[in-house]
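Values in this document were obtained by computation on a predicted structure and should not be read as measured data. Note that the numbering runs from 1 along the sequence shown for the chain. Indexing begins at 1, ligand by ligand and atom by atom, following the structure's order.
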Amino acid sequence: MILPRGTHDILPKEAEKWHVIEDAFMKLCHTYQYGEIRTPIFEHTELFERGVGDTTDIVTKEMYTFADKAGRSITLRPEGTASVVRAYVEHKLFGQVNQPVKLYYKGPMFRYERPQGGRQRQFNQMGVEAIGSSDPAIDAEVISLAMNFFQTLGLQNIELVINSLGDKGSRQKHREALIAHFEPSIDEFCADCHERLYKNPLRILDCKKDHDHPLIQSAPSILDFLNEESTAYFEKVKAYLDVVGISYRVDPTLVRGLDYYNHTCFEIMSAEKEFGAQMTLCGGGRYHGLVEEFGGPETPGIGFGIGVERILIVLEKAGITLPAEPGLDCYLITAQPEAEAKAVELMARLRKQQIVAEKDYMGRKMKAQLKDANRKNARFTIIIGETEIDQKAYQLKDMATGEQVEVAEEKLAAELIRLLEGEEHNE
Ligand code: HAM
């Protein structure tokens, strides 16, 4: 049996890296005062059709959709924003005193895409959504949270690209200009772009097949169609980014692959030199209108999603090793099979005191147990034999220095804690 295409197992050594990344993200979210939200992994299909947009690649080609046993159409979430906004409306979070509502999430997402480096069918995102404020300072906050996160991980060659898609009126004018621009030569484009021309011409700019067509580069820029209000908003966002010292590049062709966006949108890429192409680590933007779409009051929102697998790829390419999780504090070695019960008892006592303890479960001889302790990087070992059990005292051995001290049974945990804490102070 093998796992399905586009999925992967995360084994313990690799999972340690995930813990470091997730902990760093959660800590930072707390610093910025975002609280965690956990939504279901599957939702009614309609949520994504209406939220993400029924002309997007995600909805038309990439969703894992199935009928449940009662015949309801269910979809494994392809992204997090639609679910978070649904929950915001469902729990009437717009009515709570604490505004804007600042939320973060992490977890698996599902898209039926062609698997390749940095693109899976089940992948993990960490994201935030700030709902309820149209202060451009919140745009800068959300973007700086993401940038700060990459910095925390030690990633340096990171580029922020921003654009504004403007409000509804600006987008409508831009849409008409795009149709006029592409219509005469649409036969040179792929079948999907033919469909996009009248349904959603902005999507042509984002086409994976035709991205090198010269008409895409020369397409009318959204920035020339922004009305006064949208332009002023974008200027303020940029000014706030300047205030917090975040550099960016404005790219008027940045349109994003989901339909809910307006005003600010952005992507953060890794420019690691080893990559042929840049890798997009993070994408996000504003989505005024999504809360209303799901039955809530008129409410602005902004957020981003970061791909965790992509971070891991980039960290590796950049040669960054994350700090390892602490290993084994103490390995209990049994001198005879009769000492087993005592080892089990002592180990349970140590673990109750949060001491990371382990013993042999494979019937190994003493020498092999010692080897196992070394393999597991145990900082201390205790040998348990008949004499030790009779005298209720054990030799505690520091594996780094070889030093041994005799410790009475009832003081074992306390002495270990003392020695381990002493080590930390010396570090
Ligand atoms: P997105 O750009 O579709 O935006 O995805 C965000 C990030 O998820 C990407 O930049 C990438 O790192 C990662 N990602 C996407 N697809 C895959 C895949 N197939 N395999 C591996 N990683 C992937 C969203 O999903 C929006 N919900 C972001 C957002 C939040 N906008 C506002 N709020």
Side-chain angles (χ1 to χ4, degrees), residues 4-8 10 21 25 29 34 37 39 43 47-48 51-53 56-59 61-64 76-88 100-131 138-139 141-143 145-146 149-150 155 158-163 165 203 206 208 254-270 275 277-291 300-315:
R5 220 165 110 71
T7 66
H8 58 179
I10 302 163
I21 291 173
F25 184 69
C29 284
Y34 286 69
I37 181 165
T39 62
E43 298 267 2
L47 180 82
F48 303 114
V52 176
T56 58
D57 277 0
I58 293 181
V59 170
K61 298 181 193 162
E62 296 171 1
M63 293 209 301
Y64 279 88
L76 301 184
R77 63 181 184 196
E79 59 104 47
T81 312
S83 305
V84 171
V85 172
R86 177 207 40 75
Y88 172 88
V101 176
K102 303 207 293 186
L103 304 165
Y104 80 84
Y105 52 91
K106 58 181 172 53
M109 310 288 163
F110 305 84
R111 296 183 193 176
Y112 192 80
E113 292 194 85
R114 206 162 57 82
Q116 49 187 290
R119 182 165 293 147
Q120 288 97 245
R121 291 185 173 165
Q122 175 173 336
F123 60 98
N124 286 267
Q125 273 187 2
M126 300 188 301
V128 307
E129 311 293 346
I131 312 175
I138 269 276
D139 302 45
E141 172 176 294
V142 164
I143 292 172
L145 199 166
F149 173 62
F150 295 126
L155 288 172
I158 293 291
E159 187 185 26
L160 166 67
V161 181
I162 57 171
N163 189 23
L165 299 172
R203 291 265 71 75
D206 206 27
K208 285 170 193 147
L254 179 72
V255 293
R256 310 272 302 121
L258 302 93
D259 271 356
Y260 46 63
Y261 290 114
N262 37 51
H263 291 285
T264 319
C265 66
F266 61 94
E267 286 187 353
I268 301 172
M269 355 262 202
S270 159
F275 284 119
Q278 285 192 321
M279 181 164 286
T280 307
L281 296 174
C282 171
R286 282 212 161 262
Y287 44 83
H288 299 183
L290 198 54
V291 175
I302 180 166
F304 66 70
I306 292 177
V308 184
E309 286 82 356
R310 293 194 184 179
I311 294 180
L312 285 161
I313 293 176
V314 173
L315 282 172

Original post:
Is the shortest distance from a Lys or Arg side-chain nitrogen in Arg256 or Glu267 to a carboxylate oxygen in the other one below 4.0 Å?
Top reply: yes

Subject >> Lys208 with Glu113: basic N within carboxylate O range, under 4.0 Å >> reply: yes

Original post:
Around atom OH of Tyr64, are there more than 12 heavy atoms of other residues, nucleotides or ligands at under 6.0 Å?
Top reply: yes

**OP:** Flag the pair Lys102 and Glu141 as a salt bridge only when some basic side-chain nitrogen lies within less than 4.0 angstrom of an acidic carboxylate oxygen.
**Re:** yes

**OP:** Please list, by chain and number, the protein residues whose heavy atoms come under 4.0 Å of ligand 1.
**Re:** Glu79, Thr81, Tyr105, Arg111, Glu113, Gly118, Arg119, Gln120, Phe123, Gln125, Glu129, Arg256, Leu258, Tyr260, Tyr261, Thr280, Leu281, Cys282, Gly283, Gly284, Gly285, Tyr287, Gly303, Phe304, Gly305, Gly307, Arg310

Original post:
What residue among Lys106, Arg310, Glu309 forms side chain to side chain donor-acceptor pair (under 3.5 Å) with Asn124?
Top reply: Glu309

**OP:** Go through the structure and list residues passing salt bridge (Lys or Arg N to Asp or Glu O under 4.0 Å) with Arg77, not counting sequence neighbours.
**Re:** none

